[in-house]
> 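One structure follows; several queries about it will come next.
Computed from a predicted model, the values in this text were never measured in an experiment. Convention: sequence-line order gives letters A, B, ...; per-chain numbering from 1.
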There are 4 protein chains.
Amino acid sequence: MPDTRAFNAQAADWWQTEIIDMRPGEIRYRGYPIEELIGRIGFADMVWLMIRGELPSAAQSALFEAALVSAVDHGPQAPSIAIARMAMTCGSSLNNALASAVNVLDDIHGGAGEQVVELFQSISTSMEAGSGVEEATRQGLADWRELHGKIVPGFGHRFHPIDPRAPRLLALVEAAAERGEVNGRHARIAREVERQLQADKGKPIPLNIDGATAVIYAELDFPAPLARGLFCLSRSVGILAHAWEQQCQGGRNKGPMPKGWLWDYRGHPPRSISTVTESR
Amino acid sequence: MPDTRAFNAQAADWWQTEIIDMRPGEIRYRGYPIEELIGRIGFADMVWLMIRGELPSAAQSALFEAALVSAVDHGPQAPSIAIARMAMTCGSSLNNALASAVNVLDDIHGGAGEQVVELFQSISTSMEAGSGVEEATRQGLADWRELHGKIVPGFGHRFHPIDPRAPRLLALVEAAAERGEVNGRHARIAREVERQLQADKGKPIPLNIDGATAVIYAELDFPAPLARGLFCLSRSVGILAHAWEQQCQGGRNKGPMPKGWLWDYRGHPPRSISTVTESR
Amino acid sequence: MPDTRAFNAQAADWWQTEIIDMRPGEIRYRGYPIEELIGRIGFADMVWLMIRGELPSAAQSALFEAALVSAVDHGPQAPSIAIARMAMTCGSSLNNALASAVNVLDDIHGGAGEQVVELFQSISTSMEAGSGVEEATRQGLADWRELHGKIVPGFGHRFHPIDPRAPRLLALVEAAAERGEVNGRHARIAREVERQLQADKGKPIPLNIDGATAVIYAELDFPAPLARGLFCLSRSVGILAHAWEQQCQGGRNKGPMPKGWLWDYRGHPPRSISTVTESR
Amino acid sequence: MPDTRAFNAQAADWWQTEIIDMRPGEIRYRGYPIEELIGRIGFADMVWLMIRGELPSAAQSALFEAALVSAVDHGPQAPSIAIARMAMTCGSSLNNALASAVNVLDDIHGGAGEQVVELFQSISTSMEAGSGVEEATRQGLADWRELHGKIVPGFGHRFHPIDPRAPRLLALVEAAAERGEVNGRHARIAREVERQLQADKGKPIPLNIDGATAVIYAELDFPAPLARGLFCLSRSVGILAHAWEQQCQGGRNKGPMPKGWLWDYRGHPPRSISTVTESR
C-alpha cells in the first residue's frame, strides 16, 4: 500500500494543468498573478492567454478580436438562438439557456469553421511542400469532396448572396499581411478556393463567416478544433443577449411556431389497441 | 498530516452512496446483484428500486408505470421536442439532443408536476390536522396564490378542453384506492381543486397531465422534486423518438420557422458607427 | 405571394412527424389513443412503440426490458454520474443535472454500444453474403481496426475481470434464440469475437455491458445510433437516482476531489506582466 | 380565416427582437452594420452593445472588461472546470463540454453574483430613500438573512483568506468613482457589508470575486440576472481552455478520482431478489 505522500501525489496527478496555479490568496494564470492582469489586459487577450499560454502581440490581438466580434449573432432563425429563447420561456436561468444553445453548435451549425481550418491547413501543407496555390487548392478540394461529400464548408450562404462579414474580415487579414504581421497564405488560399468554386459552378459561391473566421484562426495558428471552440465563445454573446431579451419579453412554453399552428402528421391512421393486446 | 488510511477514507467519503456497491466482477443495486435483476424485473420497477431503495408492490408498480407512460410526448410544438429536432439538424448525436431538450424541462415546461405535488401535500397536511377536504383545499389554494400568483399548476390546458390523459389516470388511482392499494386522498383533493376552480371561474379548469401524474406520484409518496425528475425520464422517451425521426428525415440547421421566414425587428433604425467612435 | 392555404401548409410542413397526432382533446401515438395505452402497456413497451411505430411482441419486449434494466448505473466513478452529483451541489434542478450528465454519454462513455452494433452488423452482412462466422468475424475485426484503431468496443473492462451483466444478458438472448424468438446470429458473433480476441491477446477480453446490450439491440433490429440513444435512456435512471441522493445529502460546490486537495500545476513558473506590457 | 398578410405577420411576430435586423447581404446589430463594427470595437464592447443596445463609454468599457477578465477560471477543483475536462475524456466536442459545464453555473456555483447584485441594489434603494449607508446595510443584511438564511453571498472564501481578485477590482471602481465616471455607491456598500460582517463574526469575511464583480455590474446598471449571465461568459473562457488542454492530454472516461479509487457504499447489505419476487 502506498504511503501518504504517494497517495497525495496520485490524487493531485489525476488532474494536472499548465493553465492555473493556486495557493491561498494567490491565483496565477499561465504564471501571471491575476491582480496584474485585471485592468491591464482586455477580455479577448485573456481568451488568448488562457488558451495559448502567452499574451498576443498587438497585431494578433486585433485580428483575433475582429474574428470574435464578427460571429456573435445571426438572429432567432438560427437553431442556437431559437433554443436559447425557447429555454427562457420554459423557466430556465441564463446559464441553462446558454448550455442548451451552445450544445447544438455542432458539426453542422458551429463546426464549419473547424472543417474549413482543416481544409485550409491541408492546402497550406501542400504549398509548403512546393505546390503552387492553384494546384494545392485543386488537390485539397478534391480530397475534401472524396472524404466529406460535395458541400465545401466556409463558402456560400443560403440567405446572403454576399455575407457582409466575410469581405471585411478578409480585408483586415490582407492589410495585416501587407504590414508583415501575418503570413497571408490562408487568405490567398481562401481567394483561390472562391475562384475555383465559381469556375466549377458557373456562379459565385463566396466566402462566408465560417470561411472568413477560419482564415483568421488559421493565420493565427490555432488548431482546427479551436475554430469551433472560439465560435462557441463568440456566439455565446448573441445567445446571452437573446435569452435575456426573451426573459424581459416574457412568454411561457413558447414553441417554434405561433400558438395554434401545428405540425404535419404523416403516420399511421387512427387505430385501437384493444384487439392487439388481447391477441398478445 | 493524516496517515494513508485516513487519506484513503477521506477520498472515498467524498462520494458516498446507498445506491450501488461494486467490487471487481460484482455490481449490486440497493443490495441486489445486477444479474438477478436483469430479466426478472421490468424497467419501471428498476426506476423505482434505484430511487426508492426497495422494489414496488405490484399495485405500486402498475400506477407508477401508468404515470411514466402517460407523459412521453406532446408533439414538436413543445419546446423540448422542437429543441431535440433542431439539435439533430445541427449535427448533434442523440445524447446531445437529449441533453439540450431535457435541460429545458424547467419550472414552467416540466416543473409543474413538482409544484402540484407541493400544493396537494400542503392540502393533505391540513387534512391530517383535522380539516375537511373542502376547507383544506380552499386554504391551500389561497396560500398557493399568495406565494406564487394566480395560475394554479396542474389544472387547465391551453390546447385541450379536456386533457385525455387526466381522466384515465385519475380513474386508475380511484380504482386502486377502492381496492385499498393506495389511500386515494390526493385523488379526492384533485377533484376538490377542480370543483373549486370551476366555481371560482364559472367554467371548467379540468385536471391536466401534470396534475394527474402529480396525484399518482403523491399517492405513491414521492417527494415533490421527483415529480419533475420522473417527468424528465418519461419525456426523454418522446425526445429520443423525435430526435431519431429527425435524423432519419435529414435537414441541416433547421430553425424554428420555414426557411425564408424571419423574425420581426423592432429595434433601433439603421445607424452608422463612424461618428460615434470619432467622438469617443 | 402565396395564398393563405399554401402559407399554412408551408408552416405545417416545416415540422412533420409520424409519431404523434393531436387535436383538441385527442392525443394519438403511432395511431393509438393515449388513454388506451395508459394502464395497459408498460414503460419499456411505450419506448419501443414510440421509436419503432408498432408494439413489440412479448418476446421482443422481454429482451428489450432486460437491456434497459442492465445499464442504469455504474457508480459515481463514471463521469456521467459524478457530473450529475456535482451539478446538484451547484444548485441545479434535476432536469439540469440530467442534461449535463446525459450530454457526456458521447463516443467514448456511451457511444460504445453504437460502435459494437456497427461492428456486429458488418460481420452479419458478410455472413448473409455467405461467409462463415469465423471468417466474417476475422474480416470484420480487421476492417474495424484499420478504420478505428486497436481498441475493439464492447469487449474487456478496466474494472471487472468478467462484467457480471454480460453473461446474464447473453444467456437470455441464447434462450430466446433456442425458442425461435430471435435469430441468435449476433450472439454467435459476440462469442466468436470473444474467442478471436482471446486467441490474439493470449488472455480473455470478455464481452462487457456495451457488447452485451449491443447483441440485444442488434437482434431486435435497432439501427446502431439507437444503441446509444437507448443507453442514454437507461443510464438516465441511475443519473436521476444519484442526483436525487446528492440533493438529499446536501453539499455546496462539490468538486471532484475532497476539499483542500488540489490539482498538479505543471505550467509556466511565476512571472509578472509589467515588463511584457511595457515592451508591447 | 386570416388573409396572407395577417398570417405572415402572425408568424413574424412570434419571434421579435430589438437586437438584430437582417436582409440578404445585410446584418445590423442594434442598428449598426456588422462590417462597421468588425475591426473597430473590441469583444467586450460587443458584449455590451448586444446586451445594452448602445456602445459603452471608455470608462464603462474599462470596468466591464476588468470584471470579465477577473472570473475566467478557478481551477479543476471547481465543478464546472472538472465537468468540462471529464466531458472531453468521454468523446465530447468543445461545444458539448462547454454546455455541460456552463449548465452548472447555477444558483450556488455561478449565481452568487446575481444574489449580491440584488442585495446591493436593495441597500442602494434604501439609501436613495434617505437612509445612511450603515443603517441601509444593516437593514439589507437582516432582510437577506430572513429570506435566504445566514450565508451572505459575495463575502468570504473557503480557500482564499483574501481573494486576490477582489481588492484589485474594488480599487478600479473606487478610482473610477473619484474620476466621476461611476457613482461609487455600490463600492461603499460593499465596504460597509464587509465591516458589519467582521463586527458580527469577530473575524474578517472579506469581499470575494462574486462580490467584487457584483460591485462593478451594479455600478454599471446591469440587472441582477445579468451578473450570472456575464459570469457564464467569463467562465466559458476557462472552461474552453481546460477542455482543450484535456483533449490534448488525452484520457478516456476520466472519473472524478484516480482510477481504482471508489466511493463509499453505505446502503443495504447484500441481498437476493429471489425470495422477494416469489412472495410478490
Side-chain angles (χ1 to χ4, degrees), chain B residues 8-24 26 28-38 40-41 45 49 53-58 61 90-93 95-96 99-100 103 255-258 261-274 276-277 280, chain D residues 8-23 26 28-38 40-41 45 49 53-58 61 90-93 95-96 99-100 103 255-258 260-274 276-277 280:
Chain B
N8 201 354
Q10 188 191 357
D13 276 10
W14 189 243
W15 297 112
Q16 52 180 262
T17 180
E18 299 181 18
I19 299 172
I20 179 169
D21 196 14
M22 253 170 50
R23 250 166 294 276
E26 188 183 337
R28 285 179 185 271
Y29 299 145
R30 302 293 191 177
Y32 296 118
I34 176 67
E35 63 274 18
E36 285 190 8
L37 297 169
I38 295 172
R40 206 162 301 169
I41 70 167
D45 288 357
L49 174 65
E54 297 296 333
L55 286 162
S57 71
S61 178
C90 296
S92 294
S93 296
N95 54 310
N96 309 131
S100 278
N103 206 28
M257 290 190 296
W261 295 31
L262 284 176
W263 59 91
D264 197 31
Y265 176 67
R266 302 186 176 189
H268 200 287
R271 53 178 165 170
S272 171
I273 199 181
S274 32
V276 180
T277 47
R280 279 174 74 193
Chain D
N8 200 355
Q10 189 193 356
D13 275 10
W14 189 243
W15 297 112
Q16 51 180 264
T17 181
E18 299 181 17
I19 299 172
I20 180 171
D21 195 16
M22 253 171 48
R23 250 166 292 276
E26 188 182 336
R28 286 177 184 273
Y29 297 146
R30 301 293 190 176
Y32 296 118
I34 176 67
E35 64 274 18
E36 285 190 9
L37 297 168
I38 294 172
R40 207 164 300 172
I41 71 169
D45 288 359
L49 173 66
E54 298 296 332
L55 286 163
S57 71
S61 178
C90 296
S92 294
S93 296
N95 54 309
N96 309 130
S100 278
N103 206 29
M257 288 191 301
W261 294 30
L262 283 176
W263 58 91
D264 196 31
Y265 176 67
R266 305 190 173 186
H268 201 288
R271 54 179 164 171
S272 170
I273 199 180
S274 32
V276 179
T277 47
R280 278 171 75 194

> Taking side-chain hydrogen bond (donor to acceptor under 3.5 Å, both in side chains) as the definition, give me every residue that meets it alongside D/Glu35, ordered by chain and number, with sequence neighbours left out.
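If we apply the side-chain hydrogen bond (donor to acceptor under 3.5 Å, both in side chains) test to D/Glu35, skipping adjacent residues, there are no hits.
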> Between B/Ser272 and D/Tyr32, which heavy-atom pair has the shortest distance, and what is it?
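Scanning both residues completely, I find the closest heavy atoms to be O-CE2, 3.6 Å.
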> Evaluate D/Trp263 against B/Met22 for side-chain contact (heavy atoms from CB on, under 4.5 Å), listing each step before the verdict.
CA-CA 9 Å; D/Trp263 58 91; B/Met22 253 170 50; 3.8 Å; yes
> What residue, out of D/Ile19, D/Asp21, D/Leu37, has the most heavy-atom pairs lying under 4.5 Å from chain B?
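Among D/Ile19, D/Asp21, D/Leu37, the one with the most close pairs to chain B is D/Asp21.
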> Check whether D/Pro270 gets within reach of chain B through its side chain, its backbone, both or neither, counting any heavy atom under 4.5 Å.
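Both parts, backbone and side chain.
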> Rounded to the nearest 0.5 Å, what's the gap from NE2 on B/His268 to CD on D/Glu54? Could you check?
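Interatomic distance, B/His268 NE2 to D/Glu54 CD, rounded to 0.5 Å: 5.5 Å.
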> With only heavy atoms counted, which part of B/Pro256 is less than 4.5 Å from chain D, the side chain, the backbone, both or neither?
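It is the side chain, since no backbone atom gets that close.
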> Go through D/Ile273 and B/Leu55 one step at a time and tell me if the side-chain contact (heavy atoms from CB on, under 4.5 Å) criterion holds.
CA-CA 9 Å; D/Ile273 199 180; B/Leu55 286 162; 3.8 Å; yes
> Can D/Glu36 and B/Arg271 be counted as an ion pair, charged N to O under 4.0 angstrom?
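Not counted as a salt bridge, because no side-chain N and carboxylate O are separated by less than 4.0 Å.
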> If I take atom CG from residue B/Asp13 and atom CG from residue D/Asp264, how far apart are they, to the nearest 0.5 angstrom?
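So the CG of B/Asp13 and the CG of D/Asp264 are separated by 5.0 Å.
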> Against chain D, work out which of B/Gly31, B/Gly53, B/Gly267 has the most heavy-atom pairs shorter than 4.5 Å and name it.
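Top option by heavy-atom pairs under 4.5 Å: B/Gly31.
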> Nearest 0.5 Å, please: how far is CG in D/Leu262 from OG1 in B/Thr17?
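Spacing of OG1 (B/Thr17) from CG (D/Leu262) equals 12.0 Å.
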> Looking at D/Gln16 and B/Arg266, what are the two nearest heavy atoms and their distance?
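Between these two residues, the closest heavy atoms are OE1-NH1, 3.0 Å.
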> Going by heavy atoms in the side chains, are D/Tyr265 and B/Arg28 under 4.5 Å from each other?
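D/Tyr265 does not reach B/Arg28 side chain to side chain.
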